[in-house]
Amino acid sequence: MGPEADDFHRGPIRSTPMTRLSEYLLPTEKQAPADAEAVSHKLMVRAGLIRQMGAGMWTWLPAGWRVHQRVVGIVREEMNAIGAQEMLMPVLQPSEPWRKTGRIEIDELFKLTDRKGSELVLAMTHEEAVTFHVAQTVRSYRDLPQILYHFQVKERDEPRPRAGVLRTREFVMKDSYSFDRDQAGMEDRYALHVGAYDRIMQRTGLRYYRVEGDVGMMGGTGAHEYMAPCAAGEDQILLGEGYAANVEVALASPGVEKVGEGYTRNGQPLTLEPAIEIGNIFKLGTRYSEPLGATYLDESGAELAIWMASYGIGPARIVAAAVEQFADEHGISWPRALAPFAVHLLSVGKPGTPEREAADTLYATLKDGGVEVLYDDRDLGPGEKFADAELLGCPLRLTVGRRSLESGEIEAQIRRGREQAAGLPLDGEPAQLLGAVDELWRSLP
RNA sequence: CGGGGCGUGGCGCAGCUUGGUAGCGCACCUGCUUUGGGAGCAGGGGGUCGCCGGUUCAAAUCCGGCCGCCCCGACCA
């Protein structure tokens, strides 16, 4: 006899994520790891978002991964909006294309050998892979232009991983690649990416600058970097009236001078600020298409090299930069676009009491209404619940306790600035409540 | 890769100088009390002290080697 149909229905079927804190893996800590230095490192570990496995190797726990995937969602929407096509390429790759481009020599490239003795690499970025495929599949000018992208793990044998998730040996990157028949086309695709990247950064809620970049190991002819100012930043950017540049690049450009303790541009003083690179875009030209034979035939039948550019974004860095930029002494304060949950609902009062029942009802109403809510239904004192909520940093905190029953109002606190908002009606119609929550939500940073 | 530091229960630490088989706070488990800003009492569980070797009657402690992790610098998305 086979299993009865009911055997498949032993537990509750959850079509939406489980978000009761009593059942959720959110291991918060009062104390940060002793060796943590960067604010984002300390807070992301303390808030239960990430855990370390080794130097530069990190696990994203459920709440942390939600934040990461928020960034991914924004990036995906904006990439799709400029006509980019999502795909997936392998991390484990044959070494041949890397020999052809000369990048096999890079120290940070992980190299390994399989059981048959074949040399393999773990990709640190995907120019070789995507160009390999385009070389095989694109034959004609009619096949161009193309924008291809994926979200994939990158592996880098970093000399020194550091600062939590800010500099790791393995990390997810959105990398996209554009393929055009000539330089003018490449410039067009590049411009599309500038627009997409500006929209992405604006939507994340981060403070950021787009600066002239260094072409670095990517090779190529031009680059911009998207920099998020924060204390743990590894780079220094120079800022002036309508001007922002990576300090290394700036010093090589006309008008910028180092004077005494500071910098000037055309005589105007510039300020120096630490920042982390959260995205970069490179004009590659034919740097990869030539060695890998990525060519097309034009209208006259001439074989020409494809013009390429590549574009990266590190979601983990955007997450960490957001933590750095908006944290206060109580913990994280997410911009609403990145928060793991929109609402952190907490009940004050013992299980089995009317106030707990009211909180349960509110949880159901919010969840059914499509609000992403984390419900602290644990049997703990209020102090611990408030502290954990402020550590985790969801934009809106709703509290239901005995007071709520007395006043008929749900207490609302805005995480940014810890401001008390006007109370919400406890016994209204669901639609009315959801409308009020939505209105409050829209007013948040 | 240079310089510095650190590895003792899930987290933070003491013990090491002067060897005698491990302790504190938090967390965790049980019971009772408590419930609007990190509670109280009582009871309890968990560590081959990073690894290997040496010295010694005896090693967390002394010696040698190795591994791991962090910070500063160089480098790097």
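In the text below, chain A, chain B and the rest are named by the order of the sequence lines, each starting its count at 1.
- Within the 4.0 angstrom heavy-atom criterion, no nucleotide atom of any strand lies near A/S347.
- Using a 4.0 Å heavy-atom criterion, one finds that A/T28 contacts no nucleic acid atom at all.
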message: With salt bridge (charged side-chain N to carboxylate O under 4.0 Å, His left out) as the criterion, how do A/E372 and A/K367 come out once you've worked through the C-alpha distance, each side chain's angles and the decisive distance to 0.1 Å?
response: CA-CA 7 Å; A/E372 297 200 344; A/K367 213 164 154 52; over 6 Å; no
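- Across all strands, A/R356 comes closer than 4.0 Å to no nucleic acid atom at all (heavy-atom distances).
- For a distance-only test at 3.5 Å, the side chain of A/E355 fails to qualify as a donor-acceptor partner of the base of B/rG36.
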message: Pair A/R415, A/E390 - check salt bridge (charged side-chain N to carboxylate O under 4.0 Å, His left out), show working.
response: CA-CA 7 Å; A/R415 176 64 185 84; A/E390 281 163 3; 5.9 Å; no
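- Across all strands shown, B/rC1 forms a Watson-Crick or G-U wobble pair, both distances under 3.5 Å, with B/rG73.
- Nucleotide B/rG7 has B/rC67 as its partner under the Watson-Crick or G-U criteria, with both atom distances under 3.5 Å.
- One atom, CD of A/E158, and another, C1' of B/rC70, lie 16 Å apart when rounded to the nearest Å.
- Base pairing analysis places B/rU61 opposite nothing; no Watson-Crick or G-U wobble pair with both distances below 3.5 Å involves it.
- Summarising the base pairing, B/rC24 is matched to B/rG12 through a Watson-Crick or G-U wobble pair whose two defining distances lie under 3.5 Å.
- Of the possible donor and acceptor atoms, one in the side chain of A/R336 sits under 3.5 Å from a partner among the backbone N and O of A/L444.
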- prompt: A/K154 and A/D175: salt bridge (charged side-chain N to carboxylate O under 4.0 Å, His left out), yes or no, with the steps?
  reply: CA-CA 10 Å; A/K154 310 299 172 205; A/D175 40 325; 2.9 Å; yes
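- Look at B/rC49: it lacks any Watson-Crick or wobble partner with both distances under 3.5 angstrom.
- Nucleotides B/rG10 and B/rC52 have their C1' atoms positioned 27 Å apart, rounded to a whole Å.
- The stretch residues 380-401 of chain A comes close to RNA chain B through A/L380, A/G381, A/P382, A/G383, A/E384, A/F386, A/A387, A/D388, A/E390, A/R397, A/T399, A/G401, each having a heavy atom under 4.0 Å from the strand.
- The nucleotide B/rU18 finds no pairing partner, because no Watson-Crick or G-U wobble arrangement with both distances shorter than 3.5 Å includes it.
- A/S443 places a side-chain N or O within 3.5 Å of a backbone atom of A/L440 that can act as its donor or acceptor partner.
- The base-pairing partner of B/rC32, taking Watson-Crick or G-U wobble contacts with both distances under 3.5 Å, is B/rG40.
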Test log, rule salt bridge (charged side-chain N to carboxylate O under 4.0 Å, His left out), inputs A/K174 and A/E78: CA-CA 12 Å; A/K174 184 288 298 180; A/E78 295 299 338; over 6 Å; no
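- Annotation: cation-pi geometry not satisfied between A/R210 and A/Y197 (NZ/CZ under 6.0 angstrom from ring centroid, within 45° of ring axis).
- When heavy atoms are screened at a 4.0 angstrom cut-off, A/P33 is found touching the sugar-phosphate backbone but no base atom.
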